[in-house]
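Side-chain atoms are counted along with the backbone in the values below, which use heavy atoms only and exclude waters and symmetry mates. In what follows, every chain begins at residue 1, and chains take the letters A, B, ... in the order their sequences are listed.
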There are 2 protein chains.
Amino acid sequence: MEKENSKDKIISTASRLFQLQGYHATGLNQILKESEAPKGSLYYYFPNGKEQLAIESVQLTARFVSERIEEGLNRHSDPVVAIQGFIDDMAKQFQEKRCSEGVPIAAVALETSLTSEELRKACQVAYEKFQDVFTRKLIQSGYEENRAKELGIVINSMLEGAFLISFTTGTSKPLQLVSKQIPVLLQ
Amino acid sequence: MEKENSKDKIISTASRLFQLQGYHATGLNQILKESEAPKGSLYYYFPNGKEQLAIESVQLTARFVSERIEEGLNRHSDPVVAIQGFIDDMAKQFQEKRCSEGVPIAAVALETSLTSEELRKACQVAYEKFQDVFTRKLIQSGYEENRAKELGIVINSMLEGAFLISFTTGTSKPLQLVSKQIPVLLQ
DNA sequence: GTCTATAGTGGGATAGAC
DNA sequence: GTCTATCCCACTATAGAC
């Protein structure tokens, strides 16, 4: 973040809007207006247009979210307590400001995976990053490597699914219930 | 299905395309072309336009998918075997024809939940139907009602999440791994 | 019920001045 | 680096003939 230049302002605004509205519903005009970036500079920074902007937006979201996961997990040494605490925090934040965030990566991934291989790849890398944070925490805590990898994939899937259902139904219950299953899953 | 009239042809084509490409990427022209329905009859059957068509498409998908879940679960009386078998089937089908299906409801839900309350509600009802099928199976098998409801929500979340990640990363591994956790979850 | 034509809007992208 | 103007296209939706 720090001293945000025009390019950074465009990307951070685009990340937020793509996550909230999806790829096709988010117009370049809206991004330029909301970012208050100098108009007309979009194709200077992103010569490949909307697709390139979306790719870099996904990459920014991936870094941002995986850092948040990592911070969350570092708050407790026990992996069950840590992961559960992280998901509980997500559920709490979700309740407070449901409309202001959206589901990380998912909308862009669903809309573009079949039409843009590059964008699909960016979403894949993002998901692998999320999984990896959980997996590393489990390995640190003594879990066998293969099992830790499997659990990373499962936890990430559960979390994305719970976000999706929570977002659609407007209640944080799915997130809360997924959190509740973590001890069983990690036993 | 049976004797498909024009309206049914339009809806079933729309369901497939919305699921595959999302709401905003699917144009009415494409739906009319692929459905081979008489052109121009769209606004005769759907006077409220694209939004109405999407709502009815989501409802059709909801019925279709929940029936498939129910059939799948009826193939074994033991709930662990039944649910695991169902998810394994999904994983197998996913491997065979990844591109031909997409993730049920998810794309439309993510793209429209914040802009169309009616459409959001239709997606919510769809998800509740899915959950309900799992919950009923568990209650039949002797699970306590509240626990069955909670597990229905969790299983549905896991499944949608695993579909999303499988779809994006192009491997059915998330679905397989989620299936593998079912015995632990239901113990 | 079905069709054609078209209105009207907004999208992404480009050119060229400064 | 930034801005304006503009092109072209696709979209949703409507009007009106048959």
Euclidean distance, atom [atom1] of residue [X] to atom [atom2] of [N] [Å, nearest integer]:
{"X": "Leu53(B)", "N": "dA13(D)", "atom1": "CG", "atom2": "P", "value": "10 Å"}
{"X": "Phe46(B)", "N": "dG1(C)", "atom1": "CZ", "atom2": "C1'", "value": "14 Å"}
{"X": "Lys9(B)", "N": "dG1(C)", "atom1": "NZ", "atom2": "C1'", "value": "13 Å"}
{"X": "Gln52(B)", "N": "dT12(D)", "atom1": "CD", "atom2": "C1'", "value": "14 Å"}
{"X": "Ile10(A)", "N": "dG1(D)", "atom1": "CD1", "atom2": "C1'", "value": "11 Å"}
{"X": "Leu32(A)", "N": "dG10(C)", "atom1": "CG", "atom2": "P", "value": "16 Å"}

Side-chain N or O of [X] less than 4.0 angstrom from OP1 or OP2 on [N]?
{"X": "Ser6(B)", "N": "dT2(C)", "value": "yes"}
{"X": "Ser41(B)", "N": "dC3(C)", "value": "no"}
{"X": "Tyr44(B)", "N": "dG1(C)", "value": "yes"}

If you take all heavy atoms of Val154(A) and Val178(B), which pair is closest and at what distance?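 Taking every non-hydrogen atom into account, CG2-N, 4.2 Å.
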If you look at every heavy atom in Leu32(B) and Pro38(B), which pair is closest and at what distance? CD2-O, 4.4 Å
Same hydrophobic cluster for Ile139(A) and Phe134(A), using side-chain heavy-atom links shorter than 4.5 Å among ILVMFWY? no
Could you state whether Tyr44(B) and Ile55(B) fall into the same hydrophobic cluster, counting links through intermediate Ile, Leu, Val, Met, Phe, Trp or Tyr residues with side-chain heavy atoms under 4.5 angstrom apart? yes
So, Glu71(A) and Arg75(A), do they make that salt bridge, N to O below 4.0 Å? no
So OG1 of Thr13(A) and CZ of Arg16(A): to nearest 0.5 Å the spacing works out to 5.5 Å
Base-contact (B) and sugar-phosphate-only (S) positions in nucleotides 11-18 of chain C, heavy-atom cut-off under 4.0 Å, - elsewhere: SSBB----
